[in-house]
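The block underneath contains the structure these notes are about, expressed in structure tokens.
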Amino acid sequence: MKIYNTLTGKKEEFIPLMPNKVRIYACGVTVYDYCHIGHARSAIVFDVIRRYLKYRGYDVTYVRNFTDIDDKIIKRANEEDIPWNVVAQKYTDEYYADMDRLGVARADIEPKATEYINEMIEIVKGLIDKGFAYEINGNVYFSVERFKGYGKLSKRDMEDMMAGARVEVDENKRNPMDFALWKKSKEGEPFWESPWGKGRPGWHIECSAMSLKHLGESFEIHGGGADLLFPHHENEIAQSEAYTGKPFAKYWVHNGFITINKEKMSKSLGNFFTIREVLNTFDPEVLRFFLLSTHYRSPIEFSDEQLKEAESTLDRFYTTLTRIDDVIERQYAENKEFSKAGNEFSDFVFSFKEKFVSAMDDDFNTALALGHIFELIKEVNRFLDKKPAGSKDIELLLMTKQLLSETGNVLNIFNRTAHEWNVSLMKLKGIALTEEEIESKIKQRNDARQGKDWKLADLIRKELEEKGIILEDKKDRTNWKVKIC
RNA sequence: GGCGGCGUACCCAAGUGGCAAGGGAGAGGUCUGCAAAACCUUUAUGCAGCGGUUCAAAUCCGCUCGCCGCCUCCA
């Protein structure tokens, strides 16, 4: 298995520090507002990485934190005139609400910064003792000059950074690049007691403290959005390695951005969509599928058009599932041999898993993996066209379903029934019909068809289509589905 | 200014040395009472451009053009 490591700038063979054990720390969110789809991407990417590693048999411990104390939270609390911790709690709840809908599983450990203040203070003390940090007027700063490897993750050297430094002027700092480990609290701000007086932690120190506590000094994978690379992750490395004297994370994994009109989607540009906004018009599975249809390190251009395409693609998946089920449900004759068509199709079935695994093994290439899945979809459709009948052929179809479900579970998509998919689409598209009404129309129409009243039959078909329901006549039944347009 | 990335069909998107996956859209066809779905055919002798290395290049090297990101809070 290969993973692209930001630290080395190369795709590397994945070798855990301890056999069979993988520890992952992914930076979560600062809980001061609703999540946008960029947060969704990051959460989904690491959710899939974690699921895949488990699928490959690793014993995975996944930690994802919440930053629940920070300038933005305090600002929001002041604006709304409510306590800061109420803000944090509210948006933590909303985070879960969104992520649950997107099929993002809870991490094994989900620490909150404010629950680790003592651990952070310990590290800051240690860093001062070791000469990596200094205190001035109740603030403690990390001295980047004292840490030799500073810049190794983001590939920049100190001189360049100094030249282009746009950091806030702070006369307390010895070096403009130094960053705060502990901030003295201002009047009216939340604070914790510390050896340096009343204050609160700097942003970066929480991840060092929480990863150390739950994963140890060194662990396998550390990740987050590409925008955390600098300064956040660079600073984490400096703090953690200065404190422990050991290498921090072995593999650094960063997901790419979502773009709108080719520009990075961001809060400050205001060009963002919240998860719930998008889910007002699209099924959560559509968004999840869309985000996995591009490799995690590439930028994804977000648009309505793209989501509609993703919706059509998913519909193709579920339509095929229905076709498979229709054949499986039918009576079939005992048969010891594949039909000719079955023989050809069996090659695809038997080689599929290997293709899926090799795609995912190559730096979690979900886009390629999905390509393989849709290749199987195409092949199973071809096979179904050739009217498989014997028990041996049916076995192949059952195996196909099993494979789709197994690989779908890794990506956490494709695991509903076609009926559930269509019911969800009905709601989202505001179709003014109940399932009972549709069934009754279908019955009316089939009565008309019995009497060869094609005019009436076509009228009913048309009437339903105008309301967004498509009918598919099969040999012994009529299926309905929501029209995708 | 420093560092990094990207440019593959009408659109999206895999592919990092050996005949260019997959999806969407379009056109034609098979099937169907009519449809829908599905399938078949068709849509890149070509991978931003120009050179180079190689038996062999979308893939490696150089230059040019275009776009984007990080260097400040950001997933």
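This is a predicted model, so every value here is computed, not measured.
- Rounded to the nearest Å, the gap between the P atom of B/G26 and that of B/C65 is 39 Å.
- Using cut-offs of 30° and 60° for the angle between ring planes, the A/F414 and A/F289 rings count as tilted.
- Separating the P atom of B/U41 from that of B/G46 is a span of 22 Å, rounded to the nearest Å.
- For A/Y96 and A/F66, the gap between ring centers is short of 6.0 Å.
- When ring centroids are compared, A/F179 and A/Y141 stay outside the 6.0 Å threshold.
- The P atoms of B/G1 and B/A44 are separated by 40 Å, rounded to the nearest whole Å.
- The side-chain tip of A/K267 points at the ring of A/Y32 from less than 6.0 angstrom away and within 45° of straight on.
- In this pair, A/H222 and A/H233 present their aromatic rings perpendicular. The plane angle is above 60°, beyond the 30 to 60° band.
- Residue-level contact check: A/E472 touches the bases, meaning some heavy atom is under 4.0 Å from a base atom.
- The gap from the C1' atom of B/U16 to that of B/C11 amounts to 24 Å, rounded to the nearest Å.
- Remark: C1' of B/U41 and CG of A/D385 are 15 Å apart, rounded to the nearest angstrom.
- Look at A/E406 and A/K353 and you find a salt bridge, because one of the NZ, NE, NH1 or NH2 atoms lies within 4.0 Å of a carboxylate O, short of that distance.
- Across the protein-nucleic acid pair, A/I258 atom CD1 and B/C12 atom P stand 16 Å apart, rounded to whole Å.
- B/G17 and B/C10 have their C1' atoms separated by 30 Å, given to the nearest Å.
- Within a 6.0 Å sphere centred on CG of A/D347, heavy atoms belonging to other residues, nucleotides or ligands number more than 12.
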Exercise. With Watson-Crick and G-U wobble geometry limited to distances under 3.5 Å, how should the secondary structure of RNA chain B be encoded in dot-bracket form, using | for bases paired to another strand and [ ] for crossing pairs?
Worked result: ((((((((.[[[..)..(...]]].(((((.......))))).....[[[[[..)....]]]]])))))))....

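- Distances from the side chain of A/F230 to the nucleotides B/C70, B/G23, B/A75 place B/C70 closest.
- A straight line from CG of A/D227 to P of B/C71 spans 8 Å, rounded to a whole angstrom.
- Using a 4.0 Å heavy-atom distance criterion, A/K308 is classed as making no nucleic acid contact.
- For B/U54 and B/C3, the P atoms lie 30 Å apart once the distance is rounded to whole Å.
- A salt bridge links A/K443 to A/D447: one of the charged nitrogens lies within less than 4.0 Å of a carboxylate oxygen.
- Aromatic ring centres of A/F219 and A/F248 lie closer together than 6.0 Å.
- Contacts of A/G38 with the nucleic acid, taken as non-hydrogen atoms under 4.0 Å apart, include base atoms.
- Whole-Å rounding puts the A/R477 CZ to B/A35 P distance at 23 Å.
- Residue A/F356 qualifies as enclosed at atom CZ: its count of foreign heavy atoms under 6.0 Å is above 12.
- Listed by residue number, the members of residues 449-465 of chain A with any heavy atom below 4.0 angstrom from RNA chain B are A/R449, A/W454, A/D458, A/R461.
- Counting any heavy atom pair closer than 4.0 Å across all strands shown, A/H372 reaches no nucleic acid atom.
- Of the candidates B/A75, B/U72, B/C12, B/C12 carries the atom nearest the A/Q306 side chain, counting heavy atoms from C-beta on.
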Restricting to nitrogen or oxygen on both sides, can you table the protein-nucleotides 24-28 of chain B pairs closer than 3.5 Å?
none

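- For the atom pair A/M265 CE and A/I37 CD1, the distance stands at 4.5 Å (nearest 0.5 Å).
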Exercise. In B/S/- notation, 5' to 3', how is nucleotides 4-10 of chain B contacted by protein heavy atoms closer than 4.0 Å?
Worked result: -------

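- Figure legend: cation-pi geometry between A/R156 and A/F230, with NZ or CZ positioned under 6.0 Å from the six-membered ring centre and within 45° of its axis.
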For this session: Take A/F14 and A/Y251, measure what ring pair (Phe, Tyr, Trp, His ring centres under 6.0 Å) needs, and give me the verdict at the end.
Result: CA-CA 8 Å; A/F14 179 67; A/Y251 301 93; 5.1 Å; yes

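- Side-chain contact check for A/N479 and A/E472: no donor-acceptor pair (N or O, by modelled atom type) lies under 3.5 Å.
- Taking 4.0 angstrom as the limit, A/R382 places a side-chain polar atom (N or O) nearer than this to OP1 or OP2 of B/C40.
- Judged by the 6.0 Å and 45° rule, A/R297 forms a cation-pi pair with A/Y4.
- For the P atoms, the distance linking B/C6 with B/C60 amounts to 9 Å, nearest Å.
- Here A/L229 lies out of heavy-atom contact (under 4.0 Å) with every strand.
- Going from the C1' atom of B/U59 to that of B/C70 covers 27 Å, rounded to whole Å.
- Close to B/C70, at under 4.0 Å from its OP1 or OP2, lies a side-chain N or O of A/K264.
- Using modelled atom types and a 3.5 Å distance limit, the side chains of A/R41 and A/Y296 yield no donor-acceptor pair.
- Checking B/C73, B/A75, B/C34 against the side-chain heavy atoms of A/R445 singles out B/C34 as nearest.
- For A/D157 and B/C3, a side-chain-to-base donor-acceptor distance below 3.5 Å is absent, hydrogens and geometry of angles not being considered.
- Regarding contacts with the backbone of B/C39, a side-chain N or O of A/N381 is found under 4.0 angstrom from either OP1 or OP2.
- Place A/H295 and A/T259 on RNA chain B by their nearest nucleotides, and A/H295 ends up nearer the 5' end.
- Taking every heavy atom of residues 347-369 of chain A and every atom of RNA chain B, pairs under 4.0 Å involve A/N365, A/A367, A/L368, by number.
- At least one cation-pi condition fails for A/R51 and A/F46: the charged atom is not both under 6.0 angstrom from the six-membered ring centre and inside a 45 degree cone around its axis.
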Polar atom pairs (N or O), protein with nucleotides 46-48 of chain B, under 3.5 Å:
none

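- Between the P atom of B/G22 and the CZ atom of A/F317 lies a distance of 18 Å, rounded to the nearest Å.
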